[in-house]
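Below, all heavy atoms of this structure are taken into account, side chains as well, without hydrogens, waters or symmetry copies.
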Amino acid sequence: MKIRGFEIVNCYISNGITLPERKTSLSAGYDIAASEDVVIMPHQVTIIPTGLKAYMGNDEYLGLHIRSSFAVKNKVTLINSQGIIDADYYNNPENEGHIMIAVYSHSSEDVLVTKGTRVAQGIFCKYLLIDNDNFRLAETRSGGFGSTGEK
């Protein structure tokens, strides 16, 4: 029985992607790498594909955080400070739950990110619901950024 973890998105299976790992026994985050070479343009938002998807419990999410060494060396930040991957993003019909890392460059020079560069870390977290939570049962997710609507 699967509880939580990472898998490779089908179209990346033969691309030599490695699953995220913690680097020490006390690390909270699983290091996530770029699945292909990407150029981050100066003062632009760039999407870095990972070739990964994540599965987890219905009361969990995967928090995405920029790796501090990657951020400092390259003058980049996550565009939304922390990415949140919801449980129902896994295997959604539009993009299979492919995790993308959206970064913003504060540099005035191009930054080349090569395949395998560890750019982010993922931390699985539980969350709580409020009393009388009125979510809509009929709603299903499809797609990536903004897939639950703008309002």
Side-chain angles (χ1 to χ4, degrees), residues 1-107 110-129 135 139-150:
M1 179 169 87
K2 297 189 313 186
I3 297 173
R4 77 185 55 80
F6 296 95
E7 295 175 350
I8 298 171
V9 174
N10 285 330
C11 65
Y12 283 86
I13 286 188
S14 61
N15 289 27
I17 306 289
T18 56
L19 294 177
E21 298 178 330
R22 294 180 315 127
K23 293 300 181 186
T24 72
S25 64
L26 298 180
S27 295
Y30 291 83
D31 287 346
I32 297 174
S35 62
E36 56 193 69
D37 294 351
V38 175
V39 175
I40 302 172
M41 304 293 284
H43 309 290
Q44 298 289 321
V45 175
T46 302
I47 306 298
I48 302 173
T50 68
L52 300 169
K53 57 186 175 178
Y55 60 91
M56 66 209 76
N58 289 342
D59 62 345
E60 298 177 355
Y61 69 93
L62 176 66
L64 298 176
H65 308 269
I66 196 85
R67 288 190 71 240
S68 57
S69 60
F70 179 75
V72 171
K73 290 176 187 174
N74 297 294
K75 300 178 184 164
V76 298
T77 56
L78 288 181
I79 190 62
N80 57 343
S81 298
Q82 174 184 294
I84 294 179
I85 305 297
D86 296 309
D88 63 352
Y89 188 60
Y90 175 73
N91 276 346
N92 78 70
E94 187 176 309
N95 70 358
E96 199 183 333
H98 188 181
I99 297 170
M100 307 281 198
I101 310 296
V103 298
Y104 178 80
S105 173
H106 299 274
S107 177
D110 289 356
V111 174
L112 174 62
V113 178
T114 57
K115 178 183 175 181
T117 300
R118 294 176 296 146
V119 296
Q121 53 186 313
I123 301 174
F124 288 95
C125 303
K126 293 245 184 219
Y127 64 88
L128 304 173
L129 299 176
F135 69 95
E139 301 249 346
T140 56
R141 178 183 306 277
S142 66
F145 296 102
S147 60
T148 58
E150 293 184 27

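- One distance of note links CG of Asp110 with CG of Asn74; it measures 11.5 Å at 0.5 Å rounding.
- Looking only at side-chain heavy atoms (C-beta outward), Ile66 and Thr77 stay at 4.5 Å or farther from each other.
- The shortest side-chain heavy-atom distance between Tyr104 and His43 falls under the 4.5 Å cut-off.
- Between Met56 and Leu62, the closest heavy-atom pair is SD-N, 3.7 Å.
- Annotation: side chain of Val38 is in contact with side chain of Pro49 (closest heavy-atom distance under 4.5 Å).
- Annotation: side chain of Val103 is not in contact with side chain of Val119 (no heavy-atom distance under 4.5 Å).
- Looking at heavy atoms from C-beta onward, Ile48 lies out of side-chain contact with Thr50 at the 4.5 angstrom threshold.
- Of the possible polar contacts, none joining the Tyr90 side chain to the Glu96 backbone as a donor-acceptor pair under 3.5 Å is found.
- Side chain of Asn92 to main chain of Glu94: a donor-acceptor pair is present (N/O by atom type, distance under 3.5 Å, no hydrogens or angles).
- Looking at every heavy atom in both residues, Tyr127 comes nearest to Glu60 through CE2-N, 3.4 Å.
- Lys115 and Glu36 are not joined by a salt bridge, as no carboxylate oxygen comes within less than 4.0 angstrom of a charged side-chain nitrogen.
- Side-chain contact between Leu52 and Pro20 is present, with at least one heavy-atom pair separated by less than 4.5 Å.
- No option in Ile123, Ile84, Ile85 other than Ile85 meets the side-chain contact (heavy atoms from CB on, under 4.5 Å) test with Leu64.
- Ala87 and Asn58 make their closest contact through CB-CA, 4.2 Å (heavy atoms, listed as atom of the first residue, atom of the second, distance).
- Two residues are said to be in side-chain contact when any heavy atoms from C-beta on lie closer than 4.5 Å; Asn91 and Tyr55 fail this criterion.
- Ring geometry for Tyr30 versus Phe124: interplanar angle over 60°, hence perpendicular rather than tilted (30 to 60°).
- For the pair Asp31 and Lys23, the salt-bridge criterion is not met [side-chain N within less than 4.0 Å of a carboxylate O].
- The environment of NZ in Lys2 is crowded: more than 12 heavy-atom neighbours from other residues, nucleotides or ligands sit within 6.0 Å.
- With values rounded to the nearest 0.5 angstrom, Ile101 atom CD1 is found 13.5 Å from Ile79 atom CD1.
- Residues Gly122 and Ile32 approach most closely at N-CD1, 3.8 Å, considering heavy atoms.
- Here the shortest heavy-atom pairing between Gly83 and Leu78 reads N-CD1, 4.1 Å.
- For the atom pair Leu19 CG and Glu7 CD, the distance stands at 8.5 Å (nearest 0.5 Å).
- The main-chain N or O of Val76 is never found under 3.5 Å from a side-chain atom of His106 such that the two would form a donor-acceptor pair.
- Annotation: Lys75, atom NZ; neighbour count of heavy atoms from other residues, nucleotides and ligands within 6.0 Å does not exceed 12.
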